[in-house]
Amino acid sequence: MNDNTIFVPVRMPSGMTMRVRVTTEVAQIMERMLKENPQMEESDALSMALKEVKSRQSGDSQQ
């Protein structure tokens, strides 16, 4: 088990809340996005945070 992961509650557009296991980096990006844009859906913040981390990782591997 990777010790830099945590479970975060994510409210889906249907209203259901799911606990999703993500890295602490993704959780921090999600939290920042939700603070900057309070009306953003948690599921959208999760999706955008995952894309941001993936983009950083692909940028790192290209260098």
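In this chain, residues are counted from 1 in sequence order. FYI, side chains are in, hydrogens and waters are out, and symmetry mates aren't considered; it's all heavy atoms of this structure.
The structure places CG of L34 at 12.0 Å from CD1 of I29, a figure rounded to the nearest 0.5 Å. From E25, atom CD reaches atom CD1 of I6 across 12.0 Å, with rounding to the nearest 0.5 Å.
Annotation: salt bridge (charged side-chain N to carboxylate O under 4.0 Å, His left out) contacts of R11 (sequence neighbours excluded): none. Residues that satisfy the salt bridge (charged side-chain N to carboxylate O under 4.0 Å, His left out) test with E52, not counting sequence neighbours, are R32, R56. Judged as a side-chain hydrogen bond (donor to acceptor under 3.5 Å, both in side chains), and not counting sequence neighbours, Q28 has no contacts. Every residue meeting the side-chain hydrogen bond (donor to acceptor under 3.5 Å, both in side chains) condition with N37, not counting sequence neighbours, appears here in chain and number order: Q39. With sequence neighbours excluded, no residue forms a side-chain contact (heavy atoms from CB on, under 4.5 Å) with S55.
Under the 4.5 Å side-chain contact rule for hydrophobic residues, M16 and F7 do not share a cluster.
Under a cut-off of 6.0 angstrom, the local environment of CE in M18 is sparse, with at most 12 non-hydrogen atoms contributed by other residues, nucleotides or ligands.
In this structure, V10 and M30 have side chains that are in contact, with non-hydrogen atoms separated by less than 4.5 Å.
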What donor-acceptor contacts under 3.5 angstrom involve side-chain atoms of residues 44-51, with partners at least two apart or in another chain?
none

